[in-house]
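Read through the structure below, which is laid out as structure tokens, and then see the notes.
Chain identifiers are assigned alphabetically (A, B, ...) following the order of the sequence lines, protein sequences preceding nucleic acid strands; residue numbering begins at 1 within each chain.
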Number of protein chains: 2
Amino acid sequence: MPIRQNILIAVDAVVFGYMNANLHVLLVKRKGSTFHKEWALVGGFVLDDEPLTTAVKRELKEETGVQLDYLEQLFTFGDTVDRDPRSRVISVAYFGLINSSKIVPIGDTDAMDAKWYPVNELPDLAFDHSEILNSALDRLRAKLTYQPIGFDLLPNEFLFSELEQLYVTLLGKDIDRRNFRKKIMSFGFLEETSLFKQKKSGRPAKLFRFNDLKYRELESKGIYFDL
Amino acid sequence: MPIRQNILIAVDAVVFGYMNANLHVLLVKRKGSTFHKEWALVGGFVLDDEPLTTAVKRELKEETGVQLDYLEQLFTFGDTVDRDPRSRVISVAYFGLINSSKIVPIGDTDAMDAKWYPVNELPDLAFDHSEILNSALDRLRAKLTYQPIGFDLLPNEFLFSELEQLYVTLLGKDIDRRNFRKKIMSFGFLEETSLFKQKKSGRPAKLFRFNDLKYRELESKGIYFDL
DNA sequence: TTACTTTTGTGTAAAATATACACATAATGC
DNA sequence: GCATTATGTGTATATTTTACACAAAAGTAA
């Protein structure tokens, strides 16, 4: 029984970056005929012989040149039969993070129609991309409390105050500096470097590093991150 | 730019039922040419104009007659380009639960090639269905502790000892009866009925009911289930 | 060089939550 | 009525979470 289907399969990525103490999303300006010149998530159609994650990375490279530090599958959108006006498209959405020190700010120029948008100043998006983006935001916020995923948004070495600020910004609730530090340090996957960093004024602060190996070791022992 | 793709899209469902104090999965014996007569998850190809969840429910009805009490999207499998020997197939996997009182035990007969298998006595499965099943098991176990999903596996009215047994079986760790009861009751979504149920011997026990409305009310107030 | 501002770094007491634990009650079967 | 089986319940202890304030190290401006 040979099957004929008239459904296309695409991938879309919600890529988050953290800069200027604010969460940003990577968007591209569409060039195709549908939703021409509207902002959209990075994505495109999957090639016949291409694994899904490869497709995501390829589109990301082609459209923006960005390389991810974290990537996970989010959800497959396709219940709304006409999300794409051309024909039925099912989109496997991914959710990615990029290390703050790797972010090269890109703007909306003729050459490169890609831009980092602060999540609180988003433009209207093509297709059902707003819905996808919101799912990704929910997922990010939820994961922050039970997976040490926030470190993928920071540079390799960071201040405790930066980590704290990130949590405050993304979760929108206050943090007690002493309790937060105690809690985070108690897990044992943060290591103190011998480096210091100074702001314009104030006491210089130690830089810390997230030790991924150590984290996985703890995880395998059944010790789980939980804020 | 018209796109040509040679990828098929299917849905597969891992359906769990709880009977004889054991977790079971619904499997069907394949009739098609590939993996003929092997056991597989319920599933099939998505119709062009059909939402994904509709496809799952349709296949489930067609192949087994079973109706679900809980359904959620699990994961989309498609990175392994040749999971299906015929052509590339991307499968959106779902994870479903069925209320214990609705389970009609079905066996492997000529008429109905479907069967409830205890999860600890599973046969080899077609395609990559073992992998899918394991993901679903992981998800079920994880969710049990932060969503009151276990109630969807029990009959509408159940004994506390049955709920306790379910958690013991699925999570594989001991429970202190007194503390467990205190904890569960403290959430306030379980209601005591005036009904009793007796086993062969021993003191008769009260039947309880899960109040879904109450649960959602609590959830909306920011009170979350957590064991 | 002094005093003012900014940011980091740290401990302890009180409150809330989780854990450990044992015996009386209500039924059945012999 | 006695043995067996399963339900139902409270309290004390340990652990975890929360609340909270002041000294240290730098820069800046008078």
Side-chain angles (χ1 to χ4, degrees), chain A residues 20-21 144-146 148 150 154-155 157-169 171-210 218 221-227, chain B residues 20-21 144-146 148 150 154-155 157-169 171-210 218 221-227:
Chain A
N20 309 327
L144 274 174
T145 70
Y146 65 86
L154 292 173
E157 278 92 28
F158 53 87
L159 304 178
F160 233 101
S161 56
E162 292 170 333
L163 182 64
E164 197 185 307
Q165 183 54 44
L166 186 144
Y167 273 88
V168 170
T169 305
L171 300 184
K173 55 181 169 186
D174 289 6
I175 286 179
D176 178 286
R177 187 151 31 114
R178 279 179 287 195
N179 294 338
F180 182 71
R181 191 168 177 137
K182 247 184 294 178
K183 188 77 178 267
I184 297 279
M185 290 314 278
S186 75
F187 293 113
F189 54 57
L190 267 208
E191 52 193 33
E192 205 174 300
T193 70
S194 52
L195 307 169
F196 280 76
K197 190 171 146 188
Q198 253 179 268
K199 300 202 173 159
K200 285 153 202 173
S201 80
R203 177 172 172 175
K206 276 184 211 132
L207 284 164
F208 289 81
R209 204 189 343 252
F210 173 69
L218 292 166
K221 281 189 200 161
I223 299 169
Y224 297 108
F225 178 62
D226 187 22
L227 281 191
Chain B
N20 308 326
L144 274 175
T145 70
Y146 66 86
L154 292 173
E157 279 90 29
F158 52 87
L159 304 177
F160 233 102
S161 57
E162 291 170 334
L163 182 64
E164 195 185 308
Q165 182 55 43
L166 185 145
Y167 274 88
V168 170
T169 305
L171 300 183
K173 55 181 168 187
D174 289 7
I175 286 179
D176 177 286
R177 186 150 33 111
R178 280 180 286 194
N179 294 338
F180 182 71
R181 191 168 178 137
K182 247 184 294 178
K183 187 78 180 263
I184 297 278
M185 290 315 278
S186 75
F187 293 113
F189 53 58
L190 266 208
E191 53 193 32
E192 206 173 300
T193 70
S194 52
L195 306 169
F196 280 76
K197 191 171 145 189
Q198 252 178 270
K199 300 202 172 161
K200 284 152 205 174
S201 78
R203 176 174 174 175
K206 278 185 210 128
L207 284 164
F208 289 82
R209 204 189 342 255
F210 173 68
L218 292 166
K221 282 189 202 159
I223 299 169
Y224 297 108
F225 178 62
D226 187 22
L227 282 192

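If you measure from atom CZ of A/Phe160 to atom P of D/dA25, you get 20 Å, rounded to the nearest angstrom. For the pair A/Asp174 CG and D/dC20 C1', the computed distance is 14 Å after rounding to whole Å. Distance CZ (A/Phe208) to C1' (C/dT8): 10 Å, rounded to an integer number of Å. Distance B/Leu159 CG to C/dA26 C1': 15 Å, rounded to the nearest Å. Taking atom OH of B/Tyr224 as the reference point, atom P of C/dT17 lies 17 Å away to the nearest angstrom. The distance from atom CZ of A/Phe196 to atom P of C/dG9 is 7 Å, rounded to the nearest whole Å. The NZ atom of A/Lys197 sits 13 Å away from the C1' atom of C/dT7 (whole-angstrom rounding). Distance A/Gln198 CD to D/dA24 P: 18 Å, rounded to the nearest Å.
Both A/Arg203 and A/Asp176 lie near DNA chain D, and the one whose nearest nucleotide falls closer to the 5' end is A/Asp176. For B/Arg177 and B/Asp226, each mapped to the nucleotide of DNA chain C holding its nearest heavy atom, the one lying further toward the 5' end belongs to B/Asp226. Nearer to the 5' terminus of DNA chain C, by closest-nucleotide assignment, is the contact made by A/Gly202 (compared with the other of B/Pro204 and A/Gly202). With DNA chain D read from its 5' end, the first of the two nearest nucleotides for A/Ser201 and B/Asn179 is the one closest to B/Asn179.
Taking 4.5 Å as the limit, every side-chain heavy atom of B/Phe208 sits out of range of all side-chain heavy atoms of B/Glu162. Using a 4.5 Å heavy-atom threshold, the side chains of A/Gln165 and A/Phe158 count as separate.
No hydrogens or angles were tested; on distance alone, a donor-acceptor pair under 3.5 Å links the side chain of A/Lys182 to the base of C/dT12. On a pure distance criterion of 3.5 Å, no polar donor-acceptor pair joins the side chain of A/Arg181 and the base of C/dG9.
For A/Ser161 and C/dT8, the shortest distance from a side-chain N or O to OP1 or OP2 is below 4.0 Å. Considering only side-chain N and O atoms, A/Lys199 lies nowhere under 4.0 angstrom from the phosphate OP1 or OP2 of D/dG27. Between D/dT5 and B/Lys200, no contact under 4.0 Å exists linking OP1 or OP2 to a side-chain N or O.
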For this session: Determine, step by step, whether A/Ile184 and A/Phe225 satisfy the side chain to side chain contact (heavy atoms under 4.5 Å, CB included) criterion, reporting the C-alpha distance in whole Å, the side-chain angles of both residues, the deciding distance to 0.1 Å, and the verdict.
Result: CA-CA 9 Å; A/Ile184 297 279; A/Phe225 178 62; 4.3 Å; yes
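Not a single donor-acceptor pair under 3.5 Å links the side chain of B/Tyr167 to the backbone N or O of B/Gly150.
Checked against the 6.0 Å centroid threshold, B/Phe210 and B/Phe189 count as a close aromatic pair.
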